[in-house]
Enquirer: 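Got a structure for you, written out below as C-alpha cells; questions coming shortly.
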Amino acid sequence: RPRVLSGIQPTADSFHLGNYLGAVRQWVALQDTHDAFYAVVDLHALTVTPKPEDLRRRTRVAAAQLFAVGLDPERAAVFVQSHVREHSELAWYLICQTGMGEAARMTQFKDKAAKYGESSAGVGLFTYPMLMAADILIYQTDQVPVGVDQKQHLELSRDLAQRFNSRYGPTFKLPNPYILKEVEKITDLQDPSAKMSKSSSSPQGIIDLLEEPGKLRKKIMRAVTDTGSEVIADEENKAGVTNLLRIHSALSGMSIADLEARFAGQGYGAFKKEVAEVVVDTFAPIRERTEKLLADEAELDRLLAVGAERARAVARETMAQVRDRLGLLP
Ligand code: AQP
C-alpha cells in the first residue's frame with residue numbers, strides 16, 4: 001500500500017476548521033487505503049517557545065482530537081513527533097544539505113520573520129522546513145495530505161530527497177503533495193483574503209473544533225460577506241461568501257451549484273444560519289469524543305506509545321541506511 005504521512009502542530013488549544021477541512025479529514029479517509037503515519041509535531045511547536053505546561057496540554061488535546069475525528073489506532077500510526085528521536089537527527093543531516101538562499105526563499109519563514117522582526121525570528125523558524133522534510137522522508141512517504149500553504153515546503157522536501165539521492169545514492173522516496181482543491185485554503189471569517197490560522201487569525205476569524213455551539217453560530221453569522229445579497233461563488237468579488245459555500249459543501253456533501261440554487265433569492269442570513277448548523281452538527285460529536293478521550297490520560301498516552309513504536313520501526317530502518325550513506329561510523 002502507498003504510504004501517507006502528515007502532521008499538525010500543537011500550537012493552540014484546539015485545531016480549527018481550516019486544519020480539519022484542509023488536512024485532517026483527508027487523513028481519516030486515507031487510513032483505509034494507505035499505510036498511514038500521522039504526527040502531533042511538538043518539535044515544530046517549539047519554534048515559538050511555548051510554556052511547557054501549554055505544550056504538554058496542547059499535545060494531548062491535539063492527539064485526542066485526532067482520535068475523535070476518526071483516526072483509528074489499529075489502522076493508522078498516530079504518534080508524537082518527539083517520541084521518535086530520529087526526526088531531529090535526520091533534520092540535522094538535511095540542514096547540512098540545504099542552501100541558505102534556498103531556505104530564505106520559504107514564504108512562511110518570510111511572513112513569520114516579518115511578524116517577529118527579521119533579527120528576533122528564531123533560527124528554529126528558519127530550519128523548520130528541513131525538520132518537516134525529515135518528518136516526511138524518514139517514512140519513505142508517497143503522499144502528504146496538507147493545505148496549500150504547505151506546498152512550498154513540500155517542494156523543498158522533494159528537492160532535498162533528490163539532492164541526497166544523487167549525492168549519496170538512492171535513499172529516499174520522492175513525496176507528492178495530496179491537496180484537495182476545494183478545501184486547500186479555508187479563509188479567515190473576518191478577512192477572506194487570509195488563511196484561517198491558529199497564530200494570526202483574530203478570535204472572531206477562526207472556528208475551533210472545540211468551539212461552543214453558541215459562540216460558533218455567532219461567529220458565522222458575523223462572518224464578513226459583501227454588500228450584495230446573492231449567495232453565489234465568486235472568488236474575486238465575494239470571497240467571504242465563497243469561503244462559506246466551500247465550508248457548507250465540504251461538510252454537507254452538497255455541490256456548490258446546488259447550494260446556489262437552494263439559496264437563490266434568500267439573502268445571506270438564511271444561508272449563514274444553515275452553514276452554522278452544518279458546522280455545529282459536525283463538531284458536536286467530535287467535541288464530546290475529545291472530552292472523553294482527555295478524561296483518561298493514561299489510555300491516551302498508551303495509544304500514542306503504540307503509534308510511536310510503529311513509527312520508530314520504520315524510522316530506524318531508514319536512519320541506519322542514511323548514516324551509512326553519509327559515512328558516519330556504525
Ligand atoms: N486555513 C487553512 N485551510 C486549509 N488547510 C489549512 N491548514 C492550516 N490552515 C489551513 C493545514 O492544516 C495542517 C496542519 O497545520 P499546522 O498545524 O502545521 O499549522 P499551519 O499550517 O501553520 O496552520 P496554522 O493554523 O496557521 O498554524 P500556526 O498559526 O501555528 O502556524 C497543514 O496541513 C496545513 O496545511
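Quantities reported herein were computed from a predicted structural model and do not represent experimental measurements. Counting starts at 1 for both ligands and their atoms, following the listed order.
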Enquirer: Could you list, one pair per line, each nitrogen or oxygen of ligand 1 together with any protein nitrogen or oxygen closer than 3.5 Å, giving atom names and the distance rounded to 0.1 Å?
Expert:
from     : atom 1 : to   : atom 2 : distance (Å)
ligand 1 : 1 (N)  : I186 : O      : 2.8
ligand 1 : 1 (N)  : M196 : N      : 3.4
ligand 1 : 1 (N)  : M196 : O      : 3.0
ligand 1 : 3 (N)  : I186 : N      : 2.9
ligand 1 : 5 (N)  : G18  : O      : 3.2
ligand 1 : 12 (O) : N19  : ND2    : 3.1
ligand 1 : 15 (O) : N19  : ND2    : 3.4
ligand 1 : 17 (O) : Q9   : N      : 2.9
ligand 1 : 17 (O) : K198 : NZ     : 2.6
ligand 1 : 19 (O) : K198 : NZ     : 3.4
ligand 1 : 21 (O) : D149 : OD2    : 2.8
ligand 1 : 21 (O) : Q150 : NE2    : 3.3
ligand 1 : 21 (O) : K195 : NZ     : 3.3
ligand 1 : 23 (O) : K195 : NZ     : 3.1
ligand 1 : 25 (O) : H16  : NE2    : 2.7
ligand 1 : 25 (O) : K198 : N      : 2.9
ligand 1 : 26 (O) : K195 : NZ     : 3.0
ligand 1 : 26 (O) : S197 : OG     : 2.8
ligand 1 : 27 (O) : K198 : NZ     : 3.4
ligand 1 : 29 (O) : S197 : OG     : 3.2
ligand 1 : 29 (O) : S199 : N      : 2.6
ligand 1 : 29 (O) : S199 : OG     : 2.5
ligand 1 : 30 (O) : T11  : OG1    : 2.9
ligand 1 : 31 (O) : K112 : NZ     : 2.9
ligand 1 : 33 (O) : G147 : N      : 3.4
ligand 1 : 35 (O) : G147 : N      : 2.8
ligand 1 : 35 (O) : D149 : OD1    : 2.5

Enquirer: Taking only residues two or more places apart in sequence, or in another chain, which ones meet R289 in a side-chain hydrogen bond (donor to acceptor under 3.5 Å, both in side chains)?
Expert: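 If we apply the side-chain hydrogen bond (donor to acceptor under 3.5 Å, both in side chains) test to R289, skipping adjacent residues, there are no hits.
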
Enquirer: Between R1 and D35, does any NZ, NE, NH1 or NH2 come within less than 4.0 Å of an OD or OE carboxylate oxygen?
Expert: no

Enquirer: Please collect all ring-ring contact (aromatic ring centres under 6.0 Å, His included) contacts where either partner lies in residues 289-330, sequence neighbours excluded, each pair once.
Expert: none

Enquirer: So H87 and Y139, would you call those rings parallel, tilted or perpendicular, with 30° and 60° as cut-offs?
Expert: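 Rings of H87 and Y139: tilted, 30 to 60°.
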
Enquirer: Quick test of your reading: applying side chain to side chain donor-acceptor pair (under 3.5 Å), list the pairs with at least one residue in residues 291-300, sequence neighbours left out, ordered by first then second residue.
Expert: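 Pairs touching residues 291-300 that pass the test: E299-R302.
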
Enquirer: State the NZ-CZ distance between K272 and R217, to the nearest 0.5 angstrom.
Expert: 15.5 Å

